[in-house]
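What you see is a predicted model; the values in this text were computed from it and never measured. Proteins come first, then strands; the chains are lettered A, B, ... in the order of their sequence lines, and each starts at number 1.
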Amino acid sequence: MSSSTVAGCGWRTTPAGEAYSTSGYPRSRGSMAVFWADRKAEEIRGRRKFHYLDRELPEFERYVVKSSASISGVLHIGRLSDTIRGESVVRALRDAGEEAALIWVAEDMDPLRKIPEGVPGELEEYIGTPVSSTPDPWGCHSSYAEHHVSEYLEVMGEFLEVEPERYSMREEYRRGSFRPYIKKLLENLELVVEILNKYRKEPLEGGWSPFTPVCKSCGRIITPRVERFDGRKVHYRCRDYSFEKHIARGCGYEGEADPLRDEGKLMWKSEWAAQWARWRVASEGAGKEYVVPGSAWWVNAEICERVLGFPMPVPIFYEHLMVAGEKMSASLGNVIYPREWLRVAPPQLLRFLYNKKLMKTRSFSWRELPKLYDEYDYVARVYHGMESVDNEREEEHLRRLYEMSQIGEPQPALPLPFSHAALVAQLFSSREAILASLKRSGHYVEELEEELLRRVAYAREWVVRHAPERKLSLLESLDDVRDTLSPEQRRFLRLLHEWLSQGERSGEEIQEKIFLLAEEAGVKAPLAFRAIYLVTLGSPRGPRAGPFLASLDRDWLLTRLREAGE
RNA sequence: GGGCCCGUAGCUCAGUCUGGUUAGAGCAUCGGCCUUUUAAGCCGAGAGUCGCGGGUUCAAAUCCCGUCGGGCCCGCCA
């Protein structure tokens with residue numbers, strides 16, 4: 001085993017088990033990039049040697065960044081993180097003048113391990129069967145896997161600029177793409193076992209094989225237990241296998257399979273390695289749980305280099321997204337789906353969230369969406385040179401961050417805070433009324449009309465779905481506010497009541513009249529407005545008074561003003 | 001027992017790799033201005049022992065060591 005030091009490339013070849021620092025800053029000297037993906041690109045391009053071997057790196061005709069997804073589960077925004085971040089590295093490589101590609105692999109040979117909620121029909125008997133052999137319970141696709149994959153691809157397309165090359169593990173195995181690697185792994189079985197055992201408490205049993213066949217009798221992939229490998233074929237028996245919650249029932253069949261001809265797949269610790277070698281992967285993202293020595297990443301890395309002769313990819317380790325401080329999970333009921341996201345925010349905003357520092361836990365909550373928008377708008381202004389930052393490198397970083405968050409042409413900076421959009425959305429519904437309001441409030445820019453309207457629409461959805469507390473709600477009782485009104489304010493409210501009861505008035509008429517009545521009542525305009533908001537909303541401020549009052553139920557308003565003026 | 005990440009203003013964070021003027025931003029808060037943009041705009045203010053303790057240095061949020069708190073991970077399987 002080699003553990004020599006490779007100087008100057010940002011990598012130390014480490015003995016197995018030694019920690020890998022993921023501080024986000026490669027150890028290379030002279031790195032000038034400020035953005036993490038550009039640094040990754042530098043790391044990828046600057047690498048000269050294998051990690052576990054003292055061997056020169058092969059030529060990369062192009063740099064492949066891989067992302068993949070197990071598709072047994074539901075697609076939530078957390079799962080987009082790996083692909084979005086991988087894509088950023090591809091873009092960084094391209095910007096550095098390299099050829100680079102993003103590939104996306106559907107792990108559709110993986111067994112069905114659980115049945116997500118809301119799946120119709122009876123799939124219990126398919127537990128343990130490859131998801132690509134499990135029927136589509138919705139009946140619209142050729143398999144359970146196909147159903148989910150098509151959804152993945154469609155959704156990913158909305159969040160990506162670089163179109164990924166798509167692969168299916170099922171197809172790859174069928175086409176024999178993995179045959180050379182399976183062959184190599186089996187030829188070097190002793191070495192594979194040695195590497196795996198280094199990280200295990202209990203050594204693997206004799207007869208173990210990295211290849212698991214699909215049971216020729218029942219079609220499950222998880223139940224066949226390999227008992228012997230005779231150098232050419234694996235001999236197995238189909239036995240029960242327990243997942244966390246479900247049990248895959250083995251059928252008891254005993255048989256043999258040829259790893260180079262028959263259906264089956266590699267075990268995860270070796271399959272990942274084979275994937276890297278097969279696609280000549282230069283880099284891949286992985287959750288921070290893989291950073292730890294002995295994790296599947298490092299086991300595969302060592303197999304990849306020492307057995308398959310291909311250098312491990314440069315890892316893109318990242319922290320996971322938290323939702324309101326908790327892990328996103330179906331059992332907690334806080335799962336956010338991409339469709340849900342797109343109702344209230346553009347894909348750029350999610351890209352923005354994911355392109356910020358890698359190794360920092362990102363906590364998202366619907367309530368904080370306006371903050372994310374504000375931050376995004378700020379960075380947009382920096383990008384467009386409308387705002388300057390003291391620290392030059394930080395400014396450079398923000399510009400790059402914005403650029404990477406874009407899909408196609410960079411979006412203009414919108415001069416409309418999301419929380420204000422949320423207000424406008426509740427007061428006006430027609431296009432004309434919204435635009436008129438934005439003009440009045442100085443948030444209008446002619447060239448950005450469509451973008452502004454879109455933001456108002458996002459904000460409307462957000463209030464309805466995720467921010468009920470932002471809904472404008474009328475004060476039920478005057479009890480708490482009556483004493484806070486001065487005699488002048490009451491007089492003003494009486495005058496307003498008197499004037500309004502004479503007939504219907506438009507918002508603008510009311511707006512203008514308020515100032516006159518305030519003067520007449522001997523109260524300063526700001527205090528008059530304050531009185532209005534107090535007796536209607538119970539708060540000292542509110543939306544532009546004229547249109548607001550005009551939008552209220554007339555009878556309710558007159559009654560309220562009369563009572564308040566008493 | 002071990003590893004990785006995070007800990008900077010009430011909140012969300014930037015700045016840490018490459019040490020260097022009084023540590024920044026947004027939001028929130030508070031104050032002022034506005035007879036017509038009243039949840040807006042403009043002006044201003046308060047607010048931080050940069051988790052804590054050592055060390056290196058002329059100089060530390062930044063580098064090193066230790067420590068505390070939070071998160072994640074360290075059988076098997078994927």
Side-chain angles (χ1 to χ4, degrees), chain A residues 10 17-34 39 70 72 107 109-111 113 199-202 204 212 221-222 241-244 265 267-269 271-272 287-296 317-320 322 325 327 356-365 368 370-379 382 387 389-391 393-395 397-398 401 416-417 419-420 422-424 426-427 437-444 470 472 508 511-516 518-519 524-526 528-530 532-533 537 539-546 548:
Chain A
E18 189 174 316
Y20 171 81
S21 168
T22 57
S23 59
Y25 304 108
R27 294 205 171 106
S28 60
R29 284 179 296 234
S31 165
M32 291 306 290
V34 289
R39 290 199 193 115
S70 142
S72 52
E107 305 285 354
M109 264 310 266
D110 288 0
R113 17 185 59 234
Y199 301 97
R200 294 173 61 99
K201 210 186 268 176
E202 298 288 322
L204 290 166
T212 342
I221 181 93
I222 198 74
Y241 183 95
S242 353
F243 290 107
E244 276 170 39
K265 75 186 285 292
M267 299 276 230
W268 194 44
K269 287 179 182 172
E271 184 178 65
W272 209 357
K288 66 169 183 175
E289 61 275 20
Y290 291 106
V291 175
V292 61
S295 78
F317 292 126
Y318 50 76
E319 286 265 359
H320 295 285
M322 307 282 275
K327 260 178 119 165
K356 286 158 75 168
K357 240 191 341 197
L358 273 189
M359 287 307 278
K360 182 146 179 165
T361 309
R362 295 293 155 199
S363 186
F364 175 81
S365 72
E368 284 164 12
K371 280 186 178 171
L372 188 61
Y373 265 105
D374 287 346
E375 213 180 324
Y376 181 79
D377 289 342
Y378 165 69
V379 176
V382 170
E387 189 134 14
V389 182
D390 286 344
N391 184 330
R393 286 181 70 79
E394 190 185 340
E395 178 164 334
H397 176 257
L398 293 177
L401 169 60
L416 171 62
S419 54
H420 186 68
L423 176 73
V424 173
Q426 294 185 74
L427 291 174
S437 167
L438 293 179
K439 279 175 191 166
R440 279 196 306 273
S441 62
H443 294 104
Y444 179 81
R470 297 294 280 260
L472 292 178
E508 282 312 307
Q511 184 71 23
E512 286 182 25
K513 192 72 178 178
I514 288 170
F515 289 92
L516 300 173
E519 198 175 350
K524 287 200 153 202
F529 282 104
R530 195 185 171 87
I532 289 172
Y533 298 125
L537 297 170
S539 85
R541 292 179 186 174
R544 191 172 148 87
F548 171 58

Write down the distance between [atom1] ([X]) and [atom2] ([N]), rounded to a whole number of angstrom.
| X | N | atom1 | atom2 | value |
| --- | --- | --- | --- | --- |
| A:Tyr444 | B:G41 | OH | C1' | 19 Å |
| A:Arg113 | B:A78 | CZ | P | 8 Å |
| A:His420 | B:C27 | NE2 | C1' | 16 Å |
| A:Ile222 | B:A78 | CD1 | C1' | 7 Å |
| A:Tyr376 | B:C13 | OH | P | 19 Å |
| A:Asp377 | B:C27 | CG | C1' | 13 Å |
| A:Phe364 | B:U12 | CZ | P | 14 Å |
| A:His320 | B:C6 | NE2 | C1' | 15 Å |

Q.
Taking any heavy-atom pair under 4.0 Å as a contact, classify A:Ala545: base, sugar-phosphate, or nothing.
A.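 Nothing: the residue A:Ala545, judged by heavy atoms under 4.0 Å, touches no strand.
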Q: Using a 4.0 Å heavy-atom cut-off across all strands, classify A:Glu289 as base, sugar-phosphate, or nothing.
A: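 Sugar-phosphate: the residue A:Glu289, judged by heavy atoms under 4.0 Å, touches backbone atoms but no base.
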Q | Residue whose nearest RNA chain B nucleotide is more 5′ - A:Lys513 or A:Asp374 | A |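 The answer here is A:Asp374.
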Q | First of A:Glu512 and A:Asp110 reached from the 5' end of RNA chain B, by closest nucleotide | A | A:Glu512
Q.
Using the ring centroid of each side chain, check whether A:Tyr378 and A:Tyr373 are separated by less than 6.0 Å.
A.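 No; A:Tyr373 has its ring centre 6.0 Å or more from that of A:Tyr378.
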I'd like the [atom1] distance from [M] over to [N], given in whole Å.
| N | M | atom1 | answer |
| --- | --- | --- | --- |
| B:U62 | B:G53 | P | 12 Å |
| B:U12 | B:A59 | C1' | 31 Å |
| B:C33 | B:G26 | P | 23 Å |
| B:A23 | B:C50 | C1' | 8 Å |
| B:A61 | B:C52 | P | 11 Å |
| B:G41 | B:U36 | C1' | 13 Å |
| B:A9 | B:G54 | C1' | 27 Å |
| B:U18 | B:C63 | C1' | 11 Å |

Q) Looking at A:Gln511, does any N or O in its side chain come under 4.0 Å of the phosphate oxygens OP1/OP2 on B:U37? A)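 Answer is no, no contact under 4.0 Å.
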Q: Output yes when at least one side-chain N/O atom of A:Arg200 is less than 4.0 Å from OP1 or OP2 of B:C76, else no.
A: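 True: A:Arg200 side-chain N/O within range (under 4.0 Å) of B:C76 OP1/OP2.
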Q.
A side-chain contact here means heavy atoms from C-beta on lying under 4.5 Å apart; do A:Asp110 and A:Lys265 qualify?
A.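 In short, these two side chains touch, coming nearer than 4.5 Å.
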Q | Sub-4.5 Å side-chain heavy-atom contact between A:Lys269 and A:Arg200 | A | no
(Q) Using the six-membered base ring of B:C4, report whether A:Phe317 stacks on it, requiring centroids under 5.5 Å and planes under 30° apart. (A)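 Whether judged by distance or by angle, A:Phe317 falls short somewhere, so it does not stack on the base of B:C4.
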Where the side chain of [X] is defined as all heavy atoms beyond and including C-beta, which of [options] is the nearest nucleotide?
| X | options | value |
| --- | --- | --- |
| A:Glu375 | B:C13, B:C17, B:A78 | B:C13 |
| A:Tyr378 | B:A25, B:C73, B:G15 | B:A25 |
| A:Lys269 | B:G2, B:U36, B:C77 | B:C77 |
| A:Lys371 | B:C17, B:C11, B:C74 | B:C11 |
| A:Trp268 | B:U38, B:C76, B:A78 | B:A78 |
| A:Glu519 | B:G26, B:U35, B:C4 | B:U35 |
| A:Glu319 | B:U35, B:G71, B:C77 | B:G71 |
| A:Lys288 | B:C72, B:A78, B:U35 | B:C72 |
| A:His443 | B:G15, B:C74, B:A40 | B:A40 |

What is the base-pairing partner of [N], counting Watson-Crick and G-U wobble geometry with both distances under 3.5 Å?
| N | result |
| --- | --- |
| B:A60 | none |
| B:U18 | none |
| B:C27 | B:G10 |
| B:G1 | B:C74 |

Q: Take the angle between the ring planes of A:Phe548 and A:Tyr533 and call it parallel below 30°, perpendicular above 60°, tilted in between.
A: tilted
Q: Please work out which of the three classes, parallel, tilted or perpendicular, describes the rings of A:Tyr318 and A:His320, given edges at 30° and 60°.
A: perpendicular
Q | Pi-cation contact, A:Phe317 with A:Lys288 (under 6.0 Å, within 45°) | A | no
Q.
So that I can tick it off, tell me whether A:Lys356 and A:Glu375 are bridged by a salt bridge, with the cut-off set at under 4.0 angstrom between side-chain N and carboxylate O.
A.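 Judged by the 4.0 Å cut-off on N to carboxylate O distance, A:Glu375 and A:Lys356 do form a salt bridge.
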Q. A:Glu107 side chain to A:Ser70 main-chain N or O, any donor-acceptor pair under 3.5 Å?
A. no
